[in-house]
2 protein chains.
Amino acid sequence: MRNNGANDMTKNERKPGGMSEQRQQRIRLEISREAARLFWEQGVAATTGEQIAAAVGLSVRTLWRYFRNKESCVEPVLAQDGEEFVALLRRWPRDVSLEDHLMEWAVNRTKDPDQQSFDQAVIKMTVLAEKEPDLRTAWLMTNDRIERALVEIFADRLRRSPDDIEVRLHAAAATAVVRVISEDVSAALMAGADPTSLGNTLGQMARAVHTATGGAVGDPVDP
Amino acid sequence: MRNNGANDMTKNERKPGGMSEQRQQRIRLEISREAARLFWEQGVAATTGEQIAAAVGLSVRTLWRYFRNKESCVEPVLAQDGEEFVALLRRWPRDVSLEDHLMEWAVNRTKDPDQQSFDQAVIKMTVLAEKEPDLRTAWLMTNDRIERALVEIFADRLRRSPDDIEVRLHAAAATAVVRVISEDVSAALMAGADPTSLGNTLGQMARAVHTATGGAVGDPVDP
DNA sequence: TGGACAACTGTCACTAAGTGACAATATAGC
DNA sequence: GCTATATTGTCACTTAGTGACAGTTGTCCA
């Protein structure tokens with residue numbers, strides 16, 4: 001999904017003095033990467049904001065302008081896979097099943113070499129978030145955001161209101177099972193599992209979503 | 001569920017100088033109550049640890065010995081309903097459906113007068129947690145703990161391993177839908193809804209759990 | 001190309017969160 | 001009451017995080 005940032009120059013809403021959205025995001029990602037590395041190497045508590053700022057070459061004050069607090073520094077890394085997943089669901093055609101859509105994407109995607117090392121960071125943080133309480137909160141918050149996104153997506157697909165309790169229930173259940181599978185896969189990969197067996201992970205997610213929504217989400221729907 | 005603290009004096013492991021488990025819990029709850037009140041009245045950011053400590057008559061240092069950080073001060077309040085729910089599920093007979101078990105409990109329970117005002121605090125915090133990010137993390141963390149408890153309970157009921165991915169999926173989905181319904185009900189009550197219509201909330205939860213687990217959890221099972 | 005203007009960044013001073021150490025105190029068991 | 005031990009308070013300290021203000025950088029437009 002690294003291929004989607006492609007020249008979407010439709011939003012030229014840059015004000016004088018403001019920097020491009022992309023640049024802001026790149027800095028956030030850069031910070032997040034360094035924070036993840038430090039958290040992994042020394043633990044969260046032992047890592048200071050000063051260290052993170054120094055690692056990326058910013059003043060501490062600026063660091064806190066990009067992130068509300070220390071834990072949220074890793075959110076861009078933690079949210080990576082989730083946002084990829086959400087973006088994928090946004091492009092989900094109505095006449096295609098979830099499993100087919102995910103599988104079709106899986107075979108077509110190309111693995112950017114630079115992306116590889118980044119994926120490592122994602123996996124490390126996901127695993128670390130199982131034990132470190134501060135990272136756990138960040139992980140749960142990113143999943144909370146995913147859930148809100150899924151509410152919109154599901155509401156659209158089911159032609160129901162985002163306020164509909166059924167829709168919100170489906171989104172919550174779907175997000176929960178996707179999260180658990182992500183945790184499970186990350187733990188397996190960290191333990192040295194063969195990444196090729198990961199190919200079926202998306203199929204597992206699709207089936208889990210279908211089950212967790214009582215069959216309401218996953219099948220093709222009327223156009 | 002106030003009636004379960006009943007004389008479980010089996011754990012007489014009190015060491016000289018140590019205080020009883022109950023006393024510790026009472027203090028934690030007392031702190032939580034005051035924190036919730038202050039958070040509601042002035043907002044989370046505007047409330048200092050010093051204020052909370054003063055309100056309950058403790059030194060600030062002692063406050064931080066009871067709670068790791070400011071947000072977690074409200075966890076006992078936020079966890080109230082959830083722990084009640086978990087305790088209820090622990091007593092869930094194998095030959096009874098979830099809906100029947102919850103409904104039977106609903107009619108038999110007595111509303112402690114002191115409990116009323118406490119419920120108000122629970123509702124307030126649940127609603128406040130929808131907007132205030134710091135409380136949101138606390139709310140998600142309590143639900144994370146509930147999920148872990150449900151893993152054990154479901155594993156036991158399904159006679160499967162707590163490590164079984166299916167079991168964890170069911171627990172995650174179930175916790176998620178129960179959380180959403182709780183949020184929904186709290187918001188409705190806060191908006192002035194009639195509490196009598198709340199009687200069916202447990203039925204709704206039971207059905208939602210049944211659906212979110214693909215029918216795996218909710219029906220009676222073999223003894 | 002060269003301002004003009006607004007956003008971005010750094011420095012400084014500050015408040016509040018949270019912790020370690022140690023002495024004082026309270027409590028359970030005898 | 002006596003004793004051992006957990007609990008609490010006080011003090012000093014580090015770090016998280018913010019507000020204000022000045023300097024810098026990047027964008028838009030002439």
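Order of the sequence lines fixes the chain letters, A, B, ..., with proteins taken first and strands second; residue numbering starts at 1 for each chain. These values consider heavy atoms only, across backbone and side chains, with no hydrogens, waters or symmetry-generated copies. Quick caveat, the model's predicted, so the values are computed rather than measured.
Shown here for A:Glu132 and A:Gly43, the closest heavy-atom pair between the two residues is OE2-CA, 4.0 Å. Between B:Tyr66 and B:Gln24, the closest heavy-atom pair is CE2-OE1, 3.9 Å.
B:Lys131 has no carboxylate O lying under 4.0 Å from a charged side-chain N of B:Glu183, or vice versa, which leaves the two without a salt bridge.
Side-chain contact annotation: A:Glu147 with A:Asn143, donor-acceptor N/O pair under 3.5 Å absent.
Backbone-only contact: B:Arg68 has heavy atoms under 4.0 Å from sugar-phosphate atoms and none from a base.
Looking at A:Thr62, its side chain never comes within 3.5 Å of a backbone N or O of A:Leu58 through a donor-acceptor pair.
Rounded to 10°, the angle separating the first-five-pair axis and the last-five-pair axis of the helix from C:dT1-D:dA30 to C:dC30-D:dG1 equals 40°.
Regarding contacts with the backbone of C:dT9, a side-chain N or O of A:Tyr66 is found under 4.0 angstrom from either OP1 or OP2. The phosphate of D:dT7 has OP1 or OP2 within less than 4.0 Å of a side-chain N or O from B:Gln24. The shortest distance between the side-chain N/O atoms of B:Thr62 and the OP1/OP2 oxygens of D:dT8 is not below 4.0 Å.
The CG atom of B:Leu78 lies 10.0 Å from the CZ atom of B:Arg145; values are rounded to the nearest 0.5 Å. In this structure, A:Glu130 CD and B:Asp144 CG are separated by 9.0 Å, a value rounded to the nearest 0.5 Å.
Cation-pi geometry between B:Arg28 and B:Phe67 is met: under 6.0 angstrom from the ring centre, within 45 degrees of the axis.
DNA chain C lies under 4.0 Å from at least one heavy atom of each of the following residues of residues 31-58 of chain B: B:Thr47, B:Thr48, B:Gly49.
For B:Arg61, counting side-chain heavy atoms from C-beta on, the closest listed nucleotide (C:dG18, C:dA21, D:dA16) is C:dA21.
Protein atom CG of B:Asp134 is 11 Å distant from nucleotide atom P of C:dA17, rounded to whole Å.
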